[in-house]
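Per chain, numbering begins at 1; letters A, B, ... match sequence-line order. Note: hydrogens, waters and symmetry copies are ignored here, and every other heavy atom, side chains too, is used.
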There are 2 protein chains.
Amino acid sequence: MTRFALTIEFDGTPFFGLQRQDNGPSVQQSLEDAAYRVTGEDVRLHSAGRTDAGVHALAMRSHMDIEKDIAPFRLMEALNSQVRPDPVAVTHCEIVPDDWHARFSCTGRSYVYRIANRRAPLTLERNRLWQVPQELDHEAMDRAAKALVGLHDFTTFRSVHCQSQSPVKTLDLLDVEREGEEVRIHSAARSFLHHQVRSMVGCLALVGMGRWGEERVAEALEAKDRQALGLNAPPHGLYFVEATYPEDA
Amino acid sequence: MTRFALTIEFDGTPFFGLQRQDNGPSVQQSLEDAAYRVTGEDVRLHSAGRTDAGVHALAMRSHMDIEKDIAPFRLMEALNSQVRPDPVAVTHCEIVPDDWHARFSCTGRSYVYRIANRRAPLTLERNRLWQVPQELDHEAMDRAAKALVGLHDFTTFRSVHCQSQSPVKTLDLLDVEREGEEVRIHSAARSFLHHQVRSMVGCLALVGMGRWGEERVAEALEAKDRQALGLNAPPHGLYFVEATYPEDA
């Protein structure tokens, strides 16, 4: 048995999420089916994070165990060939020790959320960004975001379906920047709660629109109550950017 | 009658081209149909350039004449509403003099061609870039490109279906740059022949792959013969970037 670490990129639009679902297509099933066609083995894919339907990934990290004798480059090429036409690509593949685990060894996860701040509907980037027609004050959003950085009880920013044992997490980074008509929210943490990024972005967008004062974000956090959430941003603006591991340092 | 200048962005994937076609959907038809629903008038769209099936536009310039009394902002919003779900957006709209013509007044056109220089298939940017798996030497491509800049007979780089009266054109710019795994070719001229950008890009790609020596591009130009063309790059990597007019200066 050899353990292969994979770096995976995908367009989340046609999927019900990264992880296998009973009710629709998933990235995991696409790749496990491709691996079966390559190896004849029932391969299980483990990944650093779960993603909701419609959420994208630039460099998800995953692993799979394979009995067949195959070189990493050949496995990558074969998976990319067999996964077609699904919009999933393996961009890197290497052999890792048997005790390396894409999810449990992961010590850092980062996301970017992309907002198209314009009135015109999206064409080339449809399903790639959340379109917000009202002018956003990205500097106010960035200031308000700072209230969420650090060790907090993120109950307000957590889906009722979240399976995490504790709502207490340390948010390492939450930065808002603008480039032309695009506003990007960067976030990083050891781990996130279910819907945490989308919930934080939704509240920051309300600040950017002027519908919330900046202090409302801190108040929502303090409330520790899902009812205090202003808005959950839609999934299609969210990208899993990267997963980091101790050996990366 | 009022003449409105429009700036148009579109995803060329589902269209047979910008201009109206007998055999399939076009951007022109989408917008003329939308204008009919807004005004009740048979409106004709005139544009700075023609584009092939699959070619995209970031800021095409067009105009239409309308009898109905409507403000530019309202017209833009109404067209964007009525053109859905087609991937076309009007990003700017203004009133121009009756003698301003999107095509005949245009004195400069620019394109960018995007190549994804990587082995993995495209996911999020499928139909947005030409994927070339072989490592491209973008510096050799940039050097070879310089042979095409200036006043030349571009017969080699012209489609047999080209309707231009003369194959002699002045190419003002042809630059190749790399950003990570993306290679971009920028070109600008007063006007281009049919397939000219895709034909130039195809030959430069052959240089980048090492299949052509750099001098072959100049030789192909000198041949003034379509048979000397090495490769016509596919349409889905090509973007019409902007059209310029004397009053922009």
Side-chain angles (χ1 to χ4, degrees), chain A residues 6-15 18 27 30-31 34 54-60 72-93 112 114 116-129 131 133 180-181 236-241, chain B residues 6-15 18 27 30-31 34 54-60 72-93 112 114 116-129 131 133 180-181 236-241:
Chain A
L6 310 174
T7 303
I8 295 166
E9 176 190 284
F10 61 83
D11 168 9
T13 310
F15 297 110
L18 169 54
V27 176
S30 282
L31 277 170
V55 172
H56 316 293
L58 301 177
M60 178 57 70
F73 181 78
R74 285 295 311 137
L75 176 62
M76 177 172 72
E77 296 273 292
L79 288 174
N80 281 335
S81 172
Q82 292 296 332
V83 82
R84 288 170 203 258
D86 296 342
V88 177
V90 180
T91 58
H92 187 76
C93 179
V112 64
R114 300 176 61 196
N117 192 199
R118 68 181 218 175
R119 291 199 65 82
L122 298 179
T123 66
L124 288 153
E125 296 195 299
R126 190 175 284 183
N127 290 323
R128 300 286 178 270
L129 295 89
Q131 185 212 352
E181 66 184 19
H236 58 271
L238 184 60
Y239 295 72
F240 185 94
V241 175
Chain B
L6 310 175
T7 304
I8 295 167
E9 174 190 289
F10 60 83
D11 167 10
T13 309
F15 297 110
L18 168 53
V27 177
S30 282
L31 278 170
V55 172
H56 316 294
L58 301 178
M60 177 58 70
F73 181 78
R74 285 297 309 138
L75 177 61
M76 176 173 71
E77 296 273 291
L79 289 173
N80 282 335
S81 171
Q82 293 296 334
V83 80
R84 292 170 199 257
D86 295 344
V88 177
V90 180
T91 58
H92 187 74
C93 178
V112 63
R114 301 175 62 193
N117 191 203
R118 67 180 219 175
R119 290 199 66 81
L122 298 179
T123 66
L124 286 154
E125 296 195 299
R126 190 175 286 181
N127 290 324
R128 298 287 178 270
L129 295 89
Q131 185 212 353
E181 65 184 20
H236 59 271
L238 183 60
Y239 295 72
F240 184 94
V241 174

Quick one: what part of [X] sits under 4.5 Å from any heavy atom of chain B, side chain, backbone, both or neither?
| X | value |
| --- | --- |
| A:Asp86 | backbone |
| A:Leu79 | neither |
| A:Glu77 | side chain |

Note: vs chain B, highest number of non-hydrogen pairs under 4.5 angstrom among A:Arg128, A:His92, A:His56 is A:Arg128

Would you name the heavy atoms of [X] and [Y] that are closest together and state the gap between them?
| X | Y | result |
| --- | --- | --- |
| B:Arg118 | A:Ala89 | NH2-CB, 4.1 Å |
| B:Ala120 | A:Thr91 | CB-CG2, 4.1 Å |
| A:Pro121 | B:Glu9 | O-OE2, 4.5 Å |

So CG of A:Leu122 and CG of B:Asp11: to nearest 0.5 Å the spacing works out to 11.5 Å

Separation between OG1 (A:Thr13) and CG (B:Leu124), nearest 0.5 Å, reads 7.5 Å

